[in-house]
Amino acid sequence: MENKEHLKLTKIRFWAILILALVGIGLCIELGYIFYKTNFLSTFAPSFCAVSELIDCDGVAQTSYALSMGVPNAVWGLILYLVMIMLLFVDKIQAKFKNTIFDVFENPRSYISFFGILSFIISMVLAFISIFKIQKICALCFVTYFINFAIALLANTKGFFVQDIIITVRDFLKGAKKHFILFLIVLTAFISTLVYCQNSLIFSPKLKKEKMQKEFFEATKNKYPVKGNILGSNNAKVVIYVYSDYNCPFCKVVHMMLHKAAREENIKVEEVHFPLDTSCNTKIGGTLGGHENSCAYSKYAMAAKKQGYLWPMADILFYKRPMNLDEMKQYVKEAKLNIDFEQLEKDYQSKEIEEQLQKDIDRTVSKGIMGTPSLEINGVVYVGAMPYDELIKQIKLAKKRAEN
C-alpha cells in the first residue's frame, strides 16, 4: 500500500520533525549521563542544569520518578525519538526490504503523531509529579516535553489527533494479527524485560539500596524468624555479637538484617544486652526517653533464653513491645511458644539473670561501646546501623580474614 500519510508531510514538516527528534536524542543522551552519574557514582560534579533547589536535574534523576517500569525515562525518550526517525524514513526502508515486517507501517505520519501526543500526555503527568511531588524541575526534561508536543502537532493529519489515534490502533491490531507469532514473542520478551528491570532495579543501585532498607525500616514483623536460641550456624567462621536495646528502633532494624544475613551467609549471631536504662545500667548518664523499661525487656529475653526461646522472644519485644506481663502472655500465645510463665517470672527476678545482664553491660563498655546498635564482627567493632549490603560486605571480608 502507498504510504499516503507520509506523502502528506511537506519537506518543511519532515525536516522540522527530523531536527526536533535529533535534538531530543541529544537531550536524552545528556539526561542519561546525568542519571548514570547521580545513580552509579558515589561522587560527581553537579550538572549545568542543577542551578537551585527548584531547578535541579540531578535531584530529579535520583528519585524513583526518573524511571518508568524500572527503565530510566531518558532511555524511553531515546527509544521514542529513534522510532520517530525510523518512521520518517520507513518508505525508503520498505523499498529496500520488500515483503518484510516493515510493510506493516502503512501510515507512518499518523504513528508519529500518535507517539508524539501519547508521549506529551505522559510528559504532563511527569511534569505534575516534578512540580508538586518532587518539588524539583528538570529543565532538560521540560524541553523534551515541548519537543514531543511540537512533533505531534507537525505530524497531525487532521482534527485533534483523533484520526491518527484511530489509524494507529487499527494498523497495530492488523499488524499483530498478520504476524501473530512474532508479535507474541516480542511482547513476551518486552514484558519479561520490564518485569526484570522493575524488580531488580538494575538501572538504579541507589534506589535498590533504598528499597532494600525499606524492607527493614517499614517491617511490622521479622520476615526471617528462627526458633530457639541459635541464630546462624554453630560452626560458622564469622561470629557477630550484636549489642542492642529492645526499645532502640535501629536495633530492631539490625535485628531483622542479621536474621536475613544468617540465611544468606555462614554466620553465628550472639545477643549482648545493653539497655539504655539506668535502672540496671549505671554506665550511661541517664535513661533515654522511651527506654524506661529496657532493663525489664532484657531480663525477660534472658529468662526466655533459659527455656530455649531467645530469638522468638526478641521478635515479640522488638515488634510488639508489650506493656505488661499479660500483654506478653497474649503475644507469646499468638506466637505459639511453649513458655512456662511461672518459671519465666522466677528467672526474670533471679540473681543469676541480674548478674548475667551486668556482665553483658560490662562487656559492652569494655569494647568502648556506649550506644546501640553496635556490631562486633570477628572482633572488629562497628558502632551504629549500617546498610544491609554493607553488612554483607563486612561479613564477607571477615570470612576472608578468617580463612587467611
Side-chain angles (χ1 to χ4, degrees), residues 18-85 119-120 122-151 193-194 196-217 250 382-394 396-397:
L18 179 59
I19 291 170
L20 286 171
L22 290 173
V23 172
I25 287 174
L27 290 171
C28 287
I29 291 173
E30 177 62 23
L31 288 167
Y33 173 67
I34 292 173
F35 181 89
Y36 165 76
K37 72 178 186 178
T38 55
N39 285 275
F40 286 85
L41 304 181
S42 55
T43 59
F44 56 87
S47 303
F48 71 91
C49 58
V51 296
S52 67
E53 283 293 320
L54 179 63
I55 310 298
D56 184 5
C57 297
D58 296 358
V60 174
Q62 294 180 70
T63 69
S64 60
Y65 299 105
L67 301 98
S68 297
M69 293 178 283
V71 178
N73 292 333
V75 174
W76 285 116
L78 188 62
I79 293 171
L80 170 71
Y81 296 125
L82 288 173
V83 168
M84 286 180 171
I85 290 175
S119 60
F120 178 70
I122 295 172
S123 298
M124 290 301 96
V125 174
L126 294 175
F128 180 87
I129 292 172
S130 180
I131 295 171
F132 297 103
K133 184 84 173 177
I134 306 173
Q135 295 184 332
K136 291 181 183 291
I137 292 175
C138 171
L140 298 183
C141 300
F142 272 71
V143 174
T144 65
Y145 302 164
F146 290 110
I147 287 177
N148 297 341
F149 188 56
I151 290 176
T193 301
L194 291 183
Y196 171 75
C197 292
Q198 180 70 34
N199 293 334
S200 68
L201 287 176
I202 189 173
F203 288 109
S204 184
K206 285 187 178 180
L207 290 177
K208 183 178 181 180
K209 184 181 291 187
E210 289 177 12
K211 182 181 179 182
M212 189 182 295
Q213 290 302 100
K214 279 185 178 181
E215 175 188 9
F216 305 108
F217 279 93
F250 288 104
Y382 303 87
V383 179
M386 63 177 74
Y388 184 72
D389 60 336
E390 181 64 23
L391 172 63
I392 296 299
K393 177 183 176 182
Q394 296 304 328
K396 291 182 182 295
L397 289 173

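Predicted model only: the values in this text are computed from it and were never measured.
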TODO: Report yes if the side chains of S64 and K211 come closer than 4.5 Å at any heavy-atom pair, otherwise no.
DONE: no
TODO: Would you mind listing every ring pair (Phe, Tyr, Trp, His ring centres under 6.0 Å) that reaches into residues 44-68, with sequence neighbours excluded?
DONE: none
Open item on the list: Are the side chains of L80 and C28 in contact, using a 4.5 Å heavy-atom criterion?
Closed with: no
Open item on the list: Run the ring-ring contact (aromatic ring centres under 6.0 Å, His included) test against F142 and tell me which residues pass, sequence neighbours left out.
Closed with: Y145
Open item on the list: I'd like to know if the side chain of S123 reaches the main chain of S119, judged simply by a donor and an acceptor atom lying under 3.5 Å from each other, with no hydrogens or angles considered.
Closed with: yes
Task: Beyond-backbone contact of L27 with Y81, side-chain heavy atoms, under 4.5 angstrom - done: no
Open item on the list: Tell me whether K136 contacts the main-chain N or O of A61 through its side chain, where contact means a donor paired with an acceptor under 3.5 Å.
Closed with: no
Task: Inter-residue atom distance I202.CD1 - K208.NZ, 0.5 Å rounding - done: 8.0 Å
Task: Side chain proximity check, L67 to V75, heavy atoms < 4.5 angstrom - done: no
Open item on the list: Rounded to the nearest 0.5 Å, what separates atom OG1 in T38 from atom CG in D58?
Closed with: 6.0 Å
Task: Any donor-acceptor N/O pair, S52 side chain to I55 backbone, under 3.5 Å - done: yes
Task: Sequence-distant partners of Y36, ring-ring contact (aromatic ring centres under 6.0 Å, His included), two or more places apart - done: F40
